[in-house]
Amino acid sequence: MGISNIVILTGAGISAESGLQTFRAADGLWEGHRVEDVATPEAFDRNPVLVHQFYDARRERLGEVEPNAAHLALARLDAEWPGELLIVTQNVDDLHERAGAKRLLHMHGELNRGWCVSCDERFGWAGAMKPSSGAEPVEAPSFSDAAKKQEQPFDKLRTNGNICPACGETGSVRPDIVWFGEMPYEMERIEAALMEADLFVSIGTSGAVYPAAGFVQTARYRGARTLEINLEPSQGSLSFDERRYGRASELVPQWVAEMLG
Ligand code: BV8
């Protein structure tokens with residue numbers, strides 16, 4: 001059966017060799033935090049400053065890392081694959097885009113985006129999101145349309161303060177990220193691609209978080225071939241026709257070279 005339509009799911013493991021921590025750290029903590037203390041809407045209501053500090057630190061870290069050979073190989077496949085292809089990432093980092101991938105979606109959101117819970121606008125965001133300590137007064141900037149058009153991340157216009165670039169509200173901006181208990185983004189587009197897939201490939205994910213961990217079942221059910229590329233067997237490894245274990249920066253370029261022949 002010729003392979004034409006490919007769906008690729010990636011997780012934290014593909015960014016590990018770029019220096020970004022994965023989730024299943026030995027102590028089960030997430031950069032020292034319990035998931036329920038930093039990645040749930042309840043946590044944000046309870047302690048928004050802690051949640052902002054957690055995401056501000058990860059957003060800052062992004063500026064210190066680069067895409068690795070696995071990201072670059074997928075960007076090459078994206079550019080040269082004649083059939084349908086969709087990269088569905090669980091990652092909130094921007095390393096796939098910075099490697100050049102275009103046919104890509106972030107099902108759990110992005111660190112470089114903000115969402116105003118007051119006016120419901122979403123926009124590019126760079127820098128800290130934690131409300132400024134109120135030391136220096138922050139007057140509302142007049143640039144809503146520029147930011148709205150996301151031509152420029154909010155921060156480039158101001159350096160501090162949690163102010164919505166669309167409505168000027170203060171303290172109403174949250175990370176545009178899917179927290180536990182929240183509905184992942186673009187589920188229709190993902191389901192549609194899985195329905196048409198001839199090949200489903202899972203790279204650098206432990207298969208611990210749903211609905212992403214269930215995609216392999218959907219793909220199999222539709223008759224797609226399934227391949228897992230990971231450092232170790234994932235929780236769903238038995239659901240894959242083929243499994244390759246090792247480092248993404250080595251195995252993904254090899255696999256892409258095979259696909260592009
Ligand atoms: C929802 C954004 C309603 C935040 C994230 C069914 C059963 C049980 C539970 C549930 C269920 N359905 C829903 C749930 C609840 C929950 C869930 O799954 N809980 C788990 C913990 C049991 N799911 C939800 O709440 C989801 N929402 O269900 O809404 C709904 C219902 C139906 C249909 C639609 C919606 C929302 C979940 C999203 C939460 N947000 N991220 C942020 O990033 O700050 S999840 C976050 O954790 C990541 O995005 C990712 O998804 C997950 C971490 O997993 P991985 O990326 O796989 O990372 P991990 O560290 O675990 O593994 C890394 C792997 O890489 C390892 O296997 C390792 O071996 C490998 N590796 C390491 N280095 C390398 C490598 N591989 C190759 N090379 C290397 N160098």
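Numbering of ligands and ligand atoms starts at 1, following listing order. Each residue takes its place number in the sequence, starting with 1.
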If the cut-off is 4.0 Å to any non-hydrogen atom of Gln90, which atoms of ligand 1 fall inside it?
48 (C), 49 (O), 50 (C), 51 (O)

Side chains of His71 and Glu17: any donor to acceptor distance under 3.5 Å?
no

State, to 0.1 Å, how close Met129 and Asn162 come at their nearest heavy-atom pair, and which atoms those are.
O-ND2, 2.8 Å

Which of the numbered atoms in ligand 1 are below 4.0 angstrom from a heavy atom of Gly11?
56 (O)

Proximity of Met187 to ligand 1 by residue part, where a heavy atom lies under 4.0 Å:
neither

Has Met107 got any heavy atom lying under 4.0 angstrom from an atom of ligand 1?
no

Donor + acceptor pair across side chains of Ser239, Gln217 (<3.5 Å)
yes

List every atom of ligand 1 that sits less than 4.0 Å from any heavy atom of Gly204, numbering the atoms from 1 in the order shown and giving each element.
63 (C), 64 (C), 65 (O), 76 (N)

Is it the case that Arg76 places NZ or CZ above or below the six-membered ring of Trp81, under 6.0 angstrom from the centre and within 45 degrees of the axis?
no

Looking at ligand 1, does any of its N/O atoms fall within less than 3.5 Å of an N/O of Tyr55?
yes

Minimum heavy-atom distance Asp198-Ser4, with the two atoms named:
OD2-N, 2.8 Å

Using 30° and 60° as the class boundaries, would you call the ring planes of Phe44 and His52 parallel, tilted or perpendicular?
perpendicular

Which atom of Met187 lies closest to which atom of Met183, heavy atoms considered:
CG-SD, 4.5 Å

Side chains of Ser234 and Glu228, donor plus acceptor under 3.5 Å
yes

Could you establish whether Gly181 and ligand 1 come within less than 4.0 Å of each other, counting only heavy atoms on the residue side?
yes

Between Ser249 and Asn68, is there a side-chain donor-acceptor contact under 3.5 Å, judged purely by atom types and distance?
no

Under 4.0 Å from any heavy atom of Gly246, which atoms of ligand 1 are there?
77 (C), 78 (N)

Within 45° cone of Trp125 ring axis and under 6.0 Å: Arg113 NZ or CZ
no

Do you know the tightest heavy-atom contact between Pro41 and Phe180?
CD-O, 3.4 Å

At a non-hydrogen distance cut-off of under 4.0 Å, which region of Glu17 contacts ligand 1 (side chain, backbone, both, or neither)?
side chain

So if I count the atoms of ligand 1 from 1 in the order they appear, which ones are less than 4.0 Å from some heavy atom of Arg247?
78 (N)

Can you list the atoms of ligand 1 that are under 4.0 Å from a heavy atom of Ala208?
20 (C), 22 (C)

If the cut-off is 4.0 Å to any non-hydrogen atom of Thr22, which atoms of ligand 1 fall inside it?
60 (O)

Once you restrict to heavy atoms under 4.0 Å, what part of Leu231 touches ligand 1? Side chain, backbone, both or neither.
both

Would you mind telling me if ligand 1 is within reach of the side chain of Ala39, the backbone, both or neither, using heavy atoms under 4.0 Å?
neither

Among Tyr245, Tyr210, Tyr185, Phe180, closest by heavy atom to atom 23 (N) of ligand 1 is Tyr210

Close approach, Ala212 and ligand 1, non-hydrogen under 4.0 angstrom
no

Counting heavy atoms only, which part of Ser249 comes closer than 4.0 Å to ligand 1: side chain, backbone, both or neither?
neither

Quick one about Thr205 and Gln90 (side-chain donor to acceptor, distance below 3.5 Å, no hydrogens or angles considered), yes or no?
yes

Is ligand 1 under 4.0 Å from a heavy atom in the side chain of Thr205, in the backbone, in both, or in neither?
both

Ligand-side contact atoms (ligand 1) for residue partner Ala16, heavy atom cut-off under 4.0 Å:
73 (N)

